[in-house]
Amino acid sequence: MLNLNHLRVFRAVCETNSITGAARLLRISQPAASKQLADLETALGMPLVNRRARGVRLTAAGEVLQRHARRLFQEEQAAEAALEALSGLERGHLAVGASTTIGNYIVPALFGELHTAYPRVTLELTIGNAARIQEQLLEGNLDLGLSEGLVASDALEIEVFTHDELILIVAPGHPLIAGAGPAGVSQQQLEGLPLIVRERGSGTREVVEDALARRGIHIEPVMSLGSTEAVKNAVAEGLGAALVSRLTLDLELQSGRLHALELQDLSIRRALRLLTLEGKQPSPATREFLRLLRARYPGSSSKLNPG
């Protein structure tokens, strides 16, 4: 019979790819985590991980058990949420994961409204790139996700709640400001620009690369940075140009720190998506957050097929 404490350690090892990392996550000692993992392997009669100098790698048996453990702990969380729902919004917990732009520029205001109305509800926001948010949602660690990137899982329900536009920015005094034609920056000028982009796995980067590839525009990024703020700062220092969300630029454009340019015959719009785990019943706190989100972006929601 599986021991749930041992299984919880195994799940933490899967999440961190490390016994030491699992111990830290569970706040137990490394020897204790190692022993519980070994006890689980002994009980099952087969190894679950290959121990290496740097971390661990799942065996075939470990991969099978990981899939079942994920579903088991999702059921545990669903049971906890169902019991929590009995108390309504007098107390509760809401865990939202959002990719960078949404997490920095949309969610805080929604959390503010929710906290004002229901101050005893604990609110948790995880910000990461689109790939990480999808992974955390599938692991059952989030109540819902908000992503700018493409989604590739049949286990997630997807709803577009609004759209965003990506615009070209340069530093004040950049030669392109004077060199752009009346209709904006041409395709030829765009191809020759030193572009600063987000890291791989970022929803913004996926959308930019896809939009440019469909127009046959080839670019060679001069640098890849891990946040929109870092990209804007690099552009402001004159290190290159970038395509970033209009949502993120109010202060910089008003102050003149950055300059926005139109693109000839090219509009890069992206869907901002709401992601939920298929079949998961929303808690009262989740339902209230969704009500606030849809009230802020009325008439723009639409369901999509996964993938």
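Bear in mind that the values here come from a model prediction, so they are computed numbers and not experimental data. Sequence positions, counted from 1, serve as the residue numbers for this chain.
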(message) Under the criterion side chain to side chain contact (heavy atoms under 4.5 Å, CB included), I'd like the reasoning laid out for Asn5 against Val9: C-alpha separation, chi angles, the key distance, then a yes or no.
(response) CA-CA 6 Å; Asn5 288 330; Val9 171; over 6 Å; no
(request) Apply side chain to side chain contact (heavy atoms under 4.5 Å, CB included) to the pair Gln264 and Gln188, showing each step before the final yes or no. (result) CA-CA 10 Å; Gln264 284 185 22; Gln188 183 177 8; over 6 Å; no
(request) Determine, stepwise, if the pair Leu193 / Leu168 fulfils side chain to side chain contact (heavy atoms under 4.5 Å, CB included). (result) CA-CA 11 Å; Leu193 275 181; Leu168 182 66; 4.1 Å; yes
(request) May I have the step-by-step check of side chain to side chain contact (heavy atoms under 4.5 Å, CB included) for Thr276 and Thr286, ending in yes or no? (result) CA-CA 10 Å; Thr276 53; Thr286 301; 6.0 Å; no
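Between Ile133 and Leu142, the closest heavy-atom pair is O-CD1, 3.9 Å. Heavy-atom minimum distance, Ser245 versus Leu166: N-CD2, 3.4 Å. Residues Pro172 and Gly256 share a closest heavy-atom pair of CG-O, 3.0 Å. Residues Phe161 and Leu274 come closest through the heavy atom pair CD2-N, 3.8 Å. For the pair Ala109 and Arg296, the tightest heavy-atom approach, listed with the atom from each and the gap, is CB-NH1, 3.2 Å. Closest of all the heavy-atom pairs between Gln134 and Ser153 is NE2-CB, 3.8 Å.
Here the straight-line distance linking atom CD of Glu288 with atom CG of Leu94 works out to 10.5 Å at 0.5 Å rounding. Separating the CD atom in Glu157 from the CG atom in Leu137 is a distance of 10.5 Å, to the nearest 0.5 Å. Taking NE2 of His174 as the reference point, atom CG of Leu261 lies at 8.5 Å (rounded to 0.5 Å). From Leu4, atom CG reaches atom CZ of Phe73 across 6.0 Å, with rounding to the nearest 0.5 Å. In this structure, CZ in Arg132 is found 13.0 Å from OG1 in Thr100, a value given to the nearest 0.5 Å. Summarising the geometry, atom CZ belonging to Arg205 is positioned 13.5 Å from atom CG belonging to Asp210; distances are rounded to the nearest 0.5 Å.
Not a single salt bridge (Lys or Arg N to Asp or Glu O under 4.0 Å) links Arg215 to another residue, sequence neighbours left out. Glu139 is linked by a salt bridge (Lys or Arg N to Asp or Glu O under 4.0 Å) to Arg70, counting only residues two or more places apart in sequence or in another chain. Scanning for side chain to side chain donor-acceptor pair (under 3.5 Å) contacts around Gln66 gives an empty result, with sequence neighbours left out. A search for salt bridge (Lys or Arg N to Asp or Glu O under 4.0 Å) contacts involving Arg57 returns nothing, not counting sequence neighbours.
Between the side chain of Ser34 and the backbone N or O of Gln30 there is no donor-acceptor pair closer than 3.5 Å. Of the possible polar contacts, one joining the Thr16 side chain to the Ala22 backbone as a donor-acceptor pair under 3.5 Å is found. The backbone N or O of Tyr297 lies less than 3.5 Å from no partner atom in the side chain of Thr162, so there is not a single donor-acceptor pair.
Contact annotation: the side chain of Leu7 approaches that of Leu65 to within less than 4.5 Å [non-hydrogen atoms, C-beta and beyond]. Val208 places none of its side-chain heavy atoms less than 4.5 Å from the side chain of Val197. At least one side-chain heavy atom of Glu209 sits under 4.5 Å from a side-chain heavy atom of Arg200. Looking at Leu277 and Leu138, their side chains come closer than 4.5 Å, going by heavy atoms from C-beta outward. Asn3 has its side chain out of reach of Phe10: every pair of non-hydrogen atoms, C-beta onward, lies at least 4.5 Å apart. Residues Val160 and Leu272 form no side-chain contact, since every pair of their non-hydrogen atoms from C-beta on lies 4.5 Å or further apart. Inter-residue side-chain proximity for Leu263 and Leu243 is flagged as met; some heavy-atom pair is nearer than 4.5 Å. Asp143 is listed as a side-chain neighbour of Lys280, based on a closest heavy-atom distance under 4.5 Å.
For Glu262, the CD atom is loosely surrounded, since the number of other residues' heavy atoms within 6.0 Å does not exceed 12.
No chain of hydrophobic side-chain contacts below 4.5 Å, direct or via other Ile, Leu, Val, Met, Phe, Trp or Tyr residues, connects Val64 to Leu44. Hydrophobic clustering places Leu176 together with Ile217 (ILVMFWY residues linked when any side-chain heavy atoms are closer than 4.5 Å, directly or through intermediates). Tracing side-chain contacts under 4.5 Å through hydrophobic residues (I, L, V, M, F, W, Y), one never reaches Leu48 starting from Leu25; they form parts of separate clusters. One hydrophobic cluster holds both Leu125 and Leu123 under the rule that ILVMFWY side chains link at heavy-atom gaps under 4.5 Å. Side-chain heavy atoms closer than 4.5 Å link hydrophobic residues (I, L, V, M, F, W, Y) into clusters, and following such links, possibly through other members, connects Leu72 to Leu26.
For the side chain to side chain donor-acceptor pair (under 3.5 Å) criterion with Asp164, the lone passing option out of Arg246, Arg270, Arg269 is Arg270. For the side chain to side chain contact (heavy atoms under 4.5 Å, CB included) criterion with Ile127, the lone passing option out of Val96, Ile102, Asn104 is Asn104.
In summary, Arg198 and Glu148 do not engage in a salt bridge, as defined by a charged side-chain N under 4.0 Å from a carboxylate O. We find that Arg71 and Glu75 are not joined by a salt bridge, their nearest charged nitrogen and carboxylate oxygen being 4.0 Å or further apart.
Leu258 shares a hydrophobic cluster with Ile167, Ile169, Ile196, Val222, Met223, Leu225, Val231, Val235, Leu239, Val244, Leu249, Leu253; the chain of contacts runs through ILVMFWY side chains whose heavy atoms sit under 4.5 Å apart.
The list of salt bridge (Lys or Arg N to Asp or Glu O under 4.0 Å) pairs with a residue in residues 33-55, not counting sequence neighbours, reads Lys35-Asp39, Glu41-Arg51.
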